[in-house]
2 protein chains.
Amino acid sequence: MTPTKSSRPSVRDRILSTASELFYKEGVNNVGIDRIIAESGVAKMSLYNHFKSKDDLIATWLQQRDERWRIWFKATVERLATEPSDRVLAIFDALQEWFEQPNFRGCAFINSTIELANPEHPGYQVSLHHQQTIFDYIYSLVKSAELSDPEILTQQLILLFEGAIVVAMMQHNIEVAVRAKQAASVLVTAKSKS
Amino acid sequence: MTPTKSSRPSVRDRILSTASELFYKEGVNNVGIDRIIAESGVAKMSLYNHFKSKDDLIATWLQQRDERWRIWFKATVERLATEPSDRVLAIFDALQEWFEQPNFRGCAFINSTIELANPEHPGYQVSLHHQQTIFDYIYSLVKSAELSDPEILTQQLILLFEGAIVVAMMQHNIEVAVRAKQAASVLVTAKSKS
DNA sequence: TACACTACAGACAGACTTGTCTACATAATC
DNA sequence: GATTATGTAGACAAGTCTGTCTGTAGTGTA
């Protein structure tokens, strides 16, 4: 039943994979170490050999998720639109694809920040960095589209962006992505130089 | 040092007051029963005589906070603006006043929903109800201002609203209220019938 | 073959959690 | 004044949590 050692992912990857799924679905505070080792089929000492502590595992998870999410998001936006001005709005189409995933439960970085409630936690800095890189990416799209007041516009788009994520999470309502895109379209048009 | 019994608030109120402060500041999962009884100067059995369980205390807290927050929000909006069209935008000025409070840590209902991660929890329904009443109130303002597509506009304003709350919480950035108001102004203008 | 490394399995400590129970004190009411 | 309500103080049970430790099995390498 269990795959052979060679075909199986490494112990570290199995731990991170299981932790990722559970942490996102149920929250970092609601998932214990024992759950993670049981579901990943790993010895407890193996976990503590690869990660200094649970907090370290959480921070590593967030770091990995930050990288992967950004790669996915960028690729999705660029798949959905090619023109710079279209790509600014396509971020909300990408959002919708995210919302449609059956296991969607909001932004892991917002959620973890709230759960940890501690700015000293290593995961908090990762979360802030995540939001900053999202800003940078959207800002680059806005600049490419040659829209006025790019910084202000980006900040406004981010409010729609984060708002949509939170409302979609709370109400299980995918439609908000469309509403956000409509609103963004009005804001973008107002900043068009044409 | 301790006030006399007669001048002191009731045991139930002291428990709720302490729980409210701690639950909001540190999160429901990070605050234990023992903390609450110690800081409110109450016996453990007194707490369990007034509340069936910790979950019951959480739900009661959210219910009380829902009522009080809505009363505060409505009063603040109506203090800041009188004309219907101004009141639609004044919701973001009220937001800013909220953000400026030193103990601001986002929306208790979003936070609790994330922490509990369980739609069956009695507090979850309270949170959904809270969001619905916010929608209803903003919708009533939009209707009074006689703007087009009131439902769609309200949904869009709520995205800015919730987005501002989350970003303000994450980044400790009060300025987002101004950005949200600017964006809302553009959306409202686009829906003006004049 | 011998050694080192990695992982498994599970006991264990110590701290923390919620909720119950008892014993005692104070306040209000008949 | 006696009784009933309510609150205090703290022990306690039963479970959870993180993190450490021991012993054993398997694998790769010298």
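What you see below is based on every heavy atom in this structure, not just the backbone, and it leaves out hydrogens, waters and symmetry mates.
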Check for a donor-acceptor pair, side chain of B:T133 on one end and backbone N or O of B:H130 on the other, with a separation under 3.5 Å. yes

Side-chain (A:N103) to main-chain (A:Y24) donor-acceptor, under 3.5 angstrom: no

A:I114 to B:M169 - nearest heavy-atom pair and separation: CG1-CE, 3.7 Å

Selection residues 173-188 of chain A - residue pairs positive for side-chain hydrogen bond (donor to acceptor under 3.5 Å, both in side chains), sequence neighbours left out: A:D93-A:K181, A:E175-A:R179, A:R179-A:Q182, A:R179-B:Q155

Does the structure show a Watson-Crick or G-U wobble partner for C:dA13, both distances under 3.5 Å? Name it, or say none. D:dT18

Nearest-Å distance for atom pair CG/C1', residues B:L47 and D:dG10: 15 Å

Treating B:S148 as the side-chain partner and B:K191 as the backbone partner, does any N or O pair qualify as donor plus acceptor under 3.5 Å? yes

Using a 3.5 Å distance criterion without hydrogens, assess whether the side chain of A:N30 forms a donor-acceptor pair with backbone atoms of B:E115. yes

Testing B:L141, B:I138, B:V142, B:L80 for side chain to side chain contact (heavy atoms under 4.5 Å, CB included) with B:R87, which one passes? B:L141

At 4.0 Å (heavy atoms only), tell me whether A:D34 reaches a base, stays on the sugar-phosphate, or touches nothing. base

Side chain of B:I33 only, please: which of D:dG19, D:dG7, C:dT18 is the nearest? C:dT18

Let me know the distance between CG of A:D55 and C1' of D:dG19, rounded to the nearest Å. 12 Å

Return the residues of residues 117-126 of chain B meeting this criterion: a heavy atom under 4.0 Å from some atom of DNA chain C. Order them by number, or give none. none

Nearest to the side chain of B:A43, heavy atoms from C-beta on, is which of C:dG19, D:dA9, C:dA9? D:dA9

Of the listed D:dG19, D:dC21, D:dT8, the closest approach to the A:M45 side chain comes from D:dC21

Comparing A:G32 and B:G41 on DNA chain D - which has the more 5′ nearest nucleotide: B:G41

Is C:dA23 in the syn range, within 90° of 0, or in the anti range? anti

Among A:F161, A:F73, A:F104, which residue meets the ring-ring contact (aromatic ring centres under 6.0 Å, His included) test with A:W98? A:F104

Report yes or no: is there a donor-acceptor pair, N or O only, under 3.5 Å between the side chain of B:K44 and the base of C:dG19? yes

CD of B:E115 versus C1' of C:dT17: gap in Å, rounded? 15 Å

At under 4.0 Å, does any side-chain N or O of A:H50 touch on OP1 or OP2 of C:dA7? yes

What integer distance in Å separates B:N49:CG from D:dT8:P? 10 Å

Rounded to the Å, how far apart are A:N29 CG and C:dC16 C1'? 13 Å

Using only side-chain N and O atoms of A:R14, determine if any of them is under 4.0 Å from OP1 or OP2 of C:dC8. yes

Spacing between B:L57 atom CG and C:dT17 atom C1', to the nearest angstrom: 15 Å

Over how many whole Å does the gap from B:N30 atom CG to D:dT18 atom P extend? 13 Å

Counterpart base for D:dG26, defined by Watson-Crick or G-U wobble contacts under 3.5 Å: C:dC5

Whole angstrom value for the distance that separates P of D:dT20 from NZ of A:K52: 11 Å

Earlier contact from the 5' end, DNA chain D, for B:R12 and A:R35: B:R12

